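One structure is given below, encoded as structure tokens.
Quick note: numbers below take in every heavy atom, side chains included, and nothing from hydrogens, waters or symmetry partners. For the single chain, residues carry numbers from 1 onward in sequence order. Just so it is clear, the structure is predicted and the values come from calculations on it, not from any experiment.
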Amino acid sequence: MTELARRSAWKGPGIRVQASTIVLGLLCLMYLITYLDRVNVSSAADGFAREFGLSKTQIGLVFSAFAYPYLIFQIIGGWVSDRFGARRTLIVCGAVWATATALTGTANGLVSLLIARLFLGLGEGATFPAATAAMSRWVANERRGFVQGITHAAARIGNAVAPTAIVAIMAVYGWRASFYVCSAISFLWVGLWALTFTEYPAEHPRITAAELASLPEPTGKRRAVPWSRLLRCMTPVTAVYFCYGWTLWLYLSWIPQYFLHSHELDLKKSALFASSVFFAGVVGDTLGGLLTDQLYQRTGSLWLARSAMVAVCMSLALFSLLPMLSSHDLYVCLACLCSGFFFAEMTIGPMWAIPMDIAPEFSGTASGIMNTGSALAAIISPVIAGMLIDKFDSWELPFAGSTLLMGLGVVLAFRMRPERKIPNLP
């Protein structure tokens, strides 16, 4: 009896958890932790801004500093994960981002805060491309949208948990302690990933023959990345993701501060309202991933399931934000922000499935190219928002720019061609 057949025959006591489910759980946990480590700074901003005497523009610089190395290492990190594997890539990245999170807690002014955030961006730059490379081997083709949606939903849980959790820690131990706690959680994940994940499903000790048969066939001999074709296919996707990323980073950076200052809520209430907005994103990510897969299964059209769905969801996000531009009522603004984030996040499942649709063999590199759009938006959006707030004393004005970018994204979405798979591209 072969080793694989022996594993298939062994049932073991109790309920057997599939190897792919374990991998998906680890990736969901990673997405949650990385976003907890990214947005904890926005919840802690009121504490370190008062201690260091920072303006809104300077706070925006702290928010965006993460994105400079994050942008640079998207494509590099994607190539590294395709070349050396997701296991080694994420072990190294995890150790770096965990260390950077701890360093944030030791900051003594603007410069050291910026350095720590730059280091965090360096560590997290390759994480999502590497995760996508892992998914291309560990996820059945018909579940690509769902898996991308559920992992990003876990990221939004990190967003939602961060405001209340960070505020609770700050209230007792101060803002620095919140970063030490997040760092410890990150190091724990690195250990779990190193002990549990295998690069190829056939190597996993819990894999069965039936489960292995449901996963994509190994691609065999590694080929050189077809850069020109890949860039040509991914450029419209990257442009759309920039438009989405502008709104995402506006939310992640400024929503806790928006409720705290624009509506003059106390720290605990502002954290609760911010968490409500981010929980809407959890639902949007999950539903979007399920819907894109169902559309593809029913129609057989990747263009309808990916491009058209993204255009519709971005349109709904745009219209959701419009009422708050003319109303300052707390609950009207809350409803607009929740619905806007819900529809924006419904685009995540189809968007992150596209790199695997177009280039399954080079999905790490392809997703890295796409995510440069969001990384570039992460550099610009928080700073522009901070400057607008400082200059015009308006917390709603940044969202006007967000609606314009969403409108542009709708137009560009129709130029995405997820059905043009790289090996078949003329």
Side-chain angles (χ1 to χ4, degrees), residues 25-45 48 62-81 84-107 112-134 151-152 154-159 161-162 165-166 169 175-197 245 248-249 252-253 364 367-368 371-372 374-375 378-379 382:
L26 283 171
L27 290 174
C28 285
L29 184 59
M30 185 204 78
Y31 276 64
L32 187 155
I33 293 169
T34 55
Y35 267 87
L36 180 64
D37 287 347
R38 292 181 199 186
V39 305
N40 54 12
V41 71
S42 62
S43 298
F48 65 71
V62 173
F63 292 160
S64 69
F66 155 88
Y68 291 92
Y70 185 74
L71 169 65
I72 294 169
F73 278 89
Q74 286 303 302
I75 299 176
I76 297 172
W79 178 83
V80 167
S81 61
F84 298 102
R87 184 177 184 275
R88 283 184 285 182
T89 302
L90 289 177
I91 288 172
V92 174
C93 287
V96 173
W97 94 60
T99 302
T101 303
L103 289 176
T104 310
T106 67
S112 52
L113 275 174
L114 292 173
I115 291 172
R117 293 289 291 175
L118 287 168
F119 196 33
L120 180 69
L122 175 66
E124 294 197 358
T127 51
F128 287 9
T132 300
T151 49
H152 282 82
R156 300 301 165 256
I157 292 175
N159 301 151
V161 167
I166 299 305
I169 295 171
W175 67 268
R176 296 178 187 276
S178 64
F179 293 97
Y180 300 145
V181 171
C182 291
S183 175
I185 295 171
S186 296
F187 276 118
L188 177 61
W189 181 87
V190 173
L192 289 173
W193 179 257
L195 292 171
T196 307
F197 180 75
L248 171 68
W249 289 100
L252 297 186
S253 300
S367 60
N371 208 26
T372 57
S374 176
I379 293 172

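Panel note: side chain Ser81, backbone Gly77; a donor-acceptor pair is recorded below 3.5 Å. Looking at Gln74, its side chain does come within 3.5 Å of a backbone N or O of Gly125 through a donor-acceptor pair. Side-chain atoms of Tyr180 come within 3.5 Å of backbone N or O of Gly105 as a donor-acceptor pair. Side-chain atoms of Ser367 come within 3.5 Å of backbone atoms of Gly364 as a donor-acceptor pair (strictly under, hydrogens ignored). A donor-acceptor contact shorter than 3.5 Å links the side chain of Arg176 to the backbone of Ala107. Under a 3.5 Å cut-off, the side chain of Ser183 and the backbone N or O of Ala98 do form a donor-acceptor pair. Checking side-chain atoms of Trp175 against main-chain N and O of Val41 turns up no donor-acceptor pair under 3.5 Å.
The CZ atom of Arg156 lies 5.0 Å from the CG atom of Leu248; values are rounded to the nearest 0.5 Å.
In summary, the aromatic rings of Phe66 and Trp97 are positioned with their centroids too far apart to meet the 6.0 Å limit.
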>> Pair Ile166, Cys182 - check side-chain contact (heavy atoms from CB on, under 4.5 Å), show working.
In response: CA-CA 9 Å; Ile166 299 305; Cys182 291; 4.1 Å; yes
> After noting the C-alpha distance and the side-chain angles of Phe197 and Leu90, does the key distance pass the side-chain contact (heavy atoms from CB on, under 4.5 Å) rule?
Replying inline: CA-CA 10 Å; Phe197 180 75; Leu90 289 177; over 6 Å; no
>> As a quick check of understanding, evaluate side-chain contact (heavy atoms from CB on, under 4.5 Å) for Leu120 and Thr104, giving each step before the final call.
In response: CA-CA 9 Å; Leu120 180 69; Thr104 310; 5.8 Å; no
> Can you check side-chain contact (heavy atoms from CB on, under 4.5 Å) on Trp189 and Leu26, steps first, answer last?
Replying inline: CA-CA 8 Å; Trp189 181 87; Leu26 283 171; 4.2 Å; yes
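The aromatic rings of Phe128 and His152 lie perpendicular to each other, with more than 60° between the two planes, well past the 30° mark.
For the pair Leu103 and Phe179, the minimum side-chain heavy-atom distance is 4.5 Å or more. Inter-residue side-chain proximity for Phe63 and Leu252 is flagged as unmet; no heavy-atom pair is nearer than 4.5 Å.
Applying the salt bridge (charged side-chain N to carboxylate O under 4.0 Å, His left out) test to residues at least two apart or on different chains, the pairs with a partner in residues 117-133 are Arg38-Glu124. For residues 180-191, no residue pair satisfies the salt bridge (charged side-chain N to carboxylate O under 4.0 Å, His left out) rule, not counting sequence neighbours.
Among residues two or more places apart in sequence or in another chain, the side chain to side chain contact (heavy atoms under 4.5 Å, CB included) test is passed with Ile76 by Ile72, Phe73, Val80.
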